[in-house]
Protein chains: 2
Amino acid sequence: MADAENLRPAVTARRALLSYGALVGIPVAATALIVVAIGYPGTAAPHAAASGANTTYRILAALALVTAGAGGAGVLARRLGQPRVVGEIAAGVLLGPSVLGALAPGVQHWLLPPEVLPVLSALGQIGVSLFMFTVGLELSVGTLRSNGLTASALIGHSGIALPFLAGVVAAVTLPASYRPPGASTAPYVLFMGLSLSITAVPVLARVLAEEGLLRTGLGTLAMASAGVADVTAWCLLALVLAVARGGSLLGAAVTVGWVALFALVVWYGLRPLLARWLDPARPDTPLAMARTATIVLVSVLLCALATERIGVHALFGAVAAGLAMPRTAAVRQITWRIEGLTTWLLLPSFFMTVGLSTRLGTVGGATGWLCCGAVLLAAAAGKFVGTLVPARLMRFDWRSSAQLGAMMNCRGLTELIILNTGLAAGLLSRGLFAMMVVMALVTTAMTSPLLRLFGHRRPRQPAAGAAPECAPPG
Amino acid sequence: MADAENLRPAVTARRALLSYGALVGIPVAATALIVVAIGYPGTAAPHAAASGANTTYRILAALALVTAGAGGAGVLARRLGQPRVVGEIAAGVLLGPSVLGALAPGVQHWLLPPEVLPVLSALGQIGVSLFMFTVGLELSVGTLRSNGLTASALIGHSGIALPFLAGVVAAVTLPASYRPPGASTAPYVLFMGLSLSITAVPVLARVLAEEGLLRTGLGTLAMASAGVADVTAWCLLALVLAVARGGSLLGAAVTVGWVALFALVVWYGLRPLLARWLDPARPDTPLAMARTATIVLVSVLLCALATERIGVHALFGAVAAGLAMPRTAAVRQITWRIEGLTTWLLLPSFFMTVGLSTRLGTVGGATGWLCCGAVLLAAAAGKFVGTLVPARLMRFDWRSSAQLGAMMNCRGLTELIILNTGLAAGLLSRGLFAMMVVMALVTTAMTSPLLRLFGHRRPRQPAAGAAPECAPPG
C-alpha cells in the first residue's frame, strides 16, 4: 500500500506547486468571481453582532477577574501564612460593593455588571454542589469510628452546643434592626445559633497539613471532632430550613420526613446500584472512564436537585452522593479532575457572589461594629470554651486543649455556604450577613496565629505523609 | 505532650457520658428554653423560599438531563462504532424542539424551561473556549512541519477550496427563503462556503485512533492536512466575521488589523511571559500548581474576551492562548484536569444549546429536504474530490486517496461551533442552520463506514501507541 513517507520524495516541488495552483487557485478565483458578481460590499445594512455577544464578553471578563482575584489573593494569603480560602473570601469582599464599589462604583459596575450575576450565581451553586460532593467522598464513617467516637463526639457536639447557645443569645439581644424582615422568630434565632457553631473540615485539614499536625494524635482527634461537628451542623441546617420552610411544626416534620426518605433511598437504593455500576473490575478504557464520569456527575446533580426540591439546599444531596459513591480508583480520578475547575473557576464564582452580597456599610456605624465584635467574640469564645472544657475533662493538658480549641474555631468556606443559604432563605438581614462574613473571615484567619500562641511550633519540613502546601522558595 | 492515643483509655465511659450530658445537654436545654420563651412557632407568616431557589433547581435538573443525555448517547454511539461526538450532537437535537419538543412540548418545556437557557448558553460558551484552548495546546507547528508541509498544505487547502466553492454556489442557488434576513450578501455567501469546508481535527484524531490509523503514514498525513485545513478555516472565519462586522471593506480591514495586532501581542508578548512565569524548574507544590492553574485559566479567559471584543468569537483567543502556552508537565496536568468538566458538563451544555437552536421543521417540506440533501452532497463530494485529486497527484494509490478523502470529510464539533457562531452573527437563517446541523451529523457519522467501504479493515487490537477507545466487553 502506498504510504506517505515512501511517496513524498517522488513528487517534485514544481509538480506540487502546479497542483497547488490548479487545485487551490482555480476554486479561489471562481469564488472571488462569484462574490464580485453578486456585488460586494452587499447593499444591506451592516449586520450588528448578535445581542448575546456582548453578554459572552462580559461573562468572560467577569470570570477572568474572579479567577485572577481569587487565585492571586489565595497565593498571597499562603505567603502570609494563612490558608488560601482566607484570601479567596477577602478577594470577593474587596471586589464587591463594600470596597471596590464604595471607592469606584463605575469601575465595579463595569467589571461586574448586573447581567453577569445570574451566571456567576449559577456557576457558584454548581461549584458548591461539586465541592460538597468531594467533601462527602472524603468523609469516611470508618475513619471517624476508628479515631475514638466517644472523644470526637463529645468534643464535636460540645463545640457546637456552646456557640449555638451564644448565637441564640446574640440573636435575642441584638438590636431589632438586624432582624431579617418577614422571617419568623424561631428559624431566625436558630439559624443565628447554627451560624456561630460551624467548623470547616476541608479548611481545617489544609491548615493542619500546613502546620504539620494532620497525622498527629491531636490533629486526628481535631479532624474527627470537626467531622462530627460538620455532620451535626448540616443536619441542624436541614432542620432549621425545614422549620423556616414549613412555617409550622407540622410543615417542618413533613420536610424532615422527606429528607429522611431521601437519605434512605440514597443509602439503600442508590449506593448498591452505584457499587454495581462502578465495579472496579471494569477495564480502564477511555470509554469506561466517560461512562463512569457521566454516572458520577448525574448522580451528584440528581441528588442535589432532589434536596433542593425538598427545600433543604442542593449541597445536602451532593454530600449524600459523595457518601454513597464507591471509592474506586476510577471514581477518585474523576473526582480529582472535577475538583480542578471546581477549585479554580466555580468556587471563586461562589466567593464572588458572596462578596457581591456583602455590604459592609449595612453593618451600620460604631454600634454596628460593636455588635459585630460581640458576635465575633461570642463565636470564637463559644467554640473555644466549648472545645477546651471537654478536652480538659478528657485529661488533655492545657496546651493541647487550647490548641484543639483553636483548631475547631476555623470556619472557612463551610460558614460562607451556610450564610449564603440563610440569606437566600430570608433568615439573615443584609447587615447581619455582612457581620457574619467578617466573623467567618476573622475566625478562619485566627487559626494559625492562635496555634502558635498556644505553643505550637510549625515544623521546618512538613510532616511525612501530610499534603505539603508551602510556598515555593523566593 | 498529651496525645489522643495515650489518653483515651484513661477516660471511663461513665465520665464521658456525664461530661456529654453536662456540656451538650445544658446548652441544648438553654437554647430550647429561649426558643420556647420567644414563642414558637413564630407569629410572622411562613417565609417562602427565595426566588433563586427555583432557578437553582431548574438549572440542576437541566444539567443532569444534558450530562446524562450526552454521556449516554456518547457511549451508545461508541457501541455502534461511531465517534462519541455523533451521539452527543444527536442527543442535543433529540432533546431540543425538533424531536422531544415536537412529540411532547409540555415535557420539553418542563425539562428545559426558558430561564435555564442563558445559563446553559454561558456554560456552553465557556466550554467551547476551554475546549479550543486544549485544541490549541495540542496543535504543534513542529509536528506539522515534520510531517511534510508541502503534502499537507496541498491536501488541506485543496480540501477547503473545492467545498468552499461548492458552498458559495449552493448559497447563490438556494431558494431566497433560506437567506438570513438582514444579512449582507457577501458575508452570507462566504460563510456558506466556509461552513461546507470544515474538517474537525479532534474528532478525526478520535476516529483514526479507533480505526488503528493514527500512527500510520496515511493517518499522520490526514492529521497534518486536517491541521492545516483547521487553521486556514479559523482564519477564514475570522475574515468572514470581520467582513460581516465591518460591513465595508474598510471595516473588515480594521477588524483584521486588530486580529493581527492581537496575534502579535500574544506571540511576542504573552508567550515569552508565560514561558517565564510557568518555568518548569519551579517546585511541584500544591501552591505552585494553584498559581499555574490561575495563570493558565486567566490567560485563556483574557485572550478569549479580547477576540470576542474585537468581534471574531472568543474561541480564537482561546486557541491562541493554547498555542502560546509552554508545554510543561504542570500545564499538561492542569489542562487534563480542565478537560474533565469541559468534556462531561460544559461541552454537553454547548451541544444542548445547538440542539435547542435546531428546528428541523424550518428546513421546510420536501423541497427543503431536497435542498438539505444537495448541501450534504456538495459538502461531502467537495471535500472528497478536493482531497482525492491532490492525493492522486502526489502519487497515492486510489484506495489510500479515497481513504484520505473519507477522513477529511469528518466535521464533528468544529462544524457546530462555526454554525453556532454564524447563527449568532446573523449569517445563517434557522432553516439553513438546521440543514447544516444535519449535514455535520451525517458527514461525521459517514467517516468510519466510508473508511471500511474503501477497503480499510479495523484491527482486532488497536495499534500500539494509539489511544484506544473501544467499548468494554459485554
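Atoms considered below: every heavy atom in the structure, side chains included; atoms not considered: hydrogens, waters and symmetry mates. Proteins come first, then strands; the chains are lettered A, B, ... in the order of their sequence lines, and each starts at number 1.
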A.B. asks: So which of Gly386(B), Gly159(B), Ala171(B), Ala161(B) has the biggest tally of heavy-atom pairs under 4.5 Å with chain A?
C.D. replies: Ala161(B)
A.B. asks: Using every non-hydrogen atom in the two residues, find where Ala122(A) and Val119(B) come nearest and quote the distance to one decimal.
C.D. replies: CB-CG1, 3.8 Å
A.B. asks: Looking at Arg15(A) and Leu393(B), what are the two nearest heavy atoms and their distance?
C.D. replies: NE-O, 2.8 Å
A.B. asks: Who are the side chain to side chain contact (heavy atoms under 4.5 Å, CB included) partners of Leu162(B), not counting sequence neighbours?
C.D. replies: Pro27(A), Val385(B)
A.B. asks: If I measure from the heavy atoms of chain A, does Ile334(B) come under 4.5 Å with its side chain, its backbone, both, or neither?
C.D. replies: both
A.B. asks: Show, in sequence, the C-alpha distance, side-chain angles and deciding distance for Val24(B) and Ile160(A), and conclude whether the side chain to side chain contact (heavy atoms under 4.5 Å, CB included) test is met.
C.D. replies: CA-CA 8 Å; Val24(B) 180; Ile160(A) 283 188; over 6 Å; no
A.B. asks: So what's closer than 4.5 Å to chain A heavy atoms on Val172(B): side chain, backbone, both or neither?
C.D. replies: side chain
A.B. asks: Search all heavy atoms of Gly340(B) against all heavy atoms of Arg337(A) and return the closest pair with its distance.
C.D. replies: N-NH2, 3.5 Å
A.B. asks: Counting heavy-atom pairs under 4.5 Å with chain B, which one of Leu301(A), Leu63(A), Leu65(A) comes out on top?
C.D. replies: Leu301(A)
A.B. asks: Got a second to check how far Trp336(A)'s CH2 is from Gln333(B)'s CD, nearest 0.5 Å?
C.D. replies: 3.5 Å
A.B. asks: So how far is it from Arg309(B) CZ to Thr56(A) OG1, rounded to the nearest 0.5 Å?
C.D. replies: 12.5 Å
A.B. asks: Can Leu287(A) and Arg84(B) be said to form a side chain to side chain contact (heavy atoms under 4.5 Å, CB included), step by step?
C.D. replies: CA-CA 9 Å; Leu287(A) 185 69; Arg84(B) 214 185 289 157; 4.3 Å; yes
A.B. asks: Is it the side chain or the backbone of Leu346(A) that comes within 4.5 Å of chain B heavy atoms, both, or neither?
C.D. replies: side chain
A.B. asks: State which residues pass side chain to side chain contact (heavy atoms under 4.5 Å, CB included) with Leu302(A); sequence neighbours excluded, sorted by chain then number.
C.D. replies: Val298(A), Leu305(A), Ala64(B)
A.B. asks: If the plane angle is over 60° it's perpendicular, under 30° parallel, otherwise tilted; pick one for Tyr20(A) and His157(B).
C.D. replies: perpendicular
A.B. asks: Which atoms of Leu130(B) are under 4.5 Å from chain A, going by heavy atoms: the side chain, the backbone, both sets, or neither?
C.D. replies: side chain
A.B. asks: Is it the side chain or the backbone of Ile126(B) that comes within 4.5 Å of chain A heavy atoms, both, or neither?
C.D. replies: side chain
A.B. asks: Is chain B contacted by the side chain of Glu339(A), its backbone, both, or neither, given a heavy-atom distance below 4.5 Å?
C.D. replies: both
A.B. asks: Evaluate side chain to side chain contact (heavy atoms under 4.5 Å, CB included) for Val28(B) paired with Phe164(A), printing each intermediate quantity in order.
C.D. replies: CA-CA 8 Å; Val28(B) 167; Phe164(A) 199 105; over 6 Å; no
A.B. asks: Counting heavy-atom pairs under 4.5 Å with chain B, which one of Thr294(A), Val300(A), Leu23(A) comes out on top?
C.D. replies: Leu23(A)
A.B. asks: Count the heavy-atom pairs under 4.5 Å between each of Leu123(B), Ile26(B), Leu18(B), Leu165(B) and chain A, then report the option with the highest count.
C.D. replies: Leu165(B)
A.B. asks: Check Leu341(B) against Ile338(A) and note the closest heavy-atom contact, atom names and distance.
C.D. replies: CD1-O, 3.8 Å
A.B. asks: Between OH of Tyr57(A) and CD of Glu308(B), what distance do you get to the nearest 0.5 Å?
C.D. replies: 10.0 Å
A.B. asks: Considering only heavy atoms and a distance below 4.5 Å, find which of Ser299(B), Ala22(B), Pro348(B), Ala30(B) pairs most often with chain A.
C.D. replies: Ala30(B)
A.B. asks: Can you tell which part of Ile155(B) gets under 4.5 Å to a heavy atom of chain A, answering side chain, backbone, both or neither?
C.D. replies: neither
A.B. asks: I'd like to know which of Leu154(A), Thr343(A), Val189(A), Val389(A) tops the heavy-atom pair count under 4.5 Å against chain B.
C.D. replies: Leu154(A)
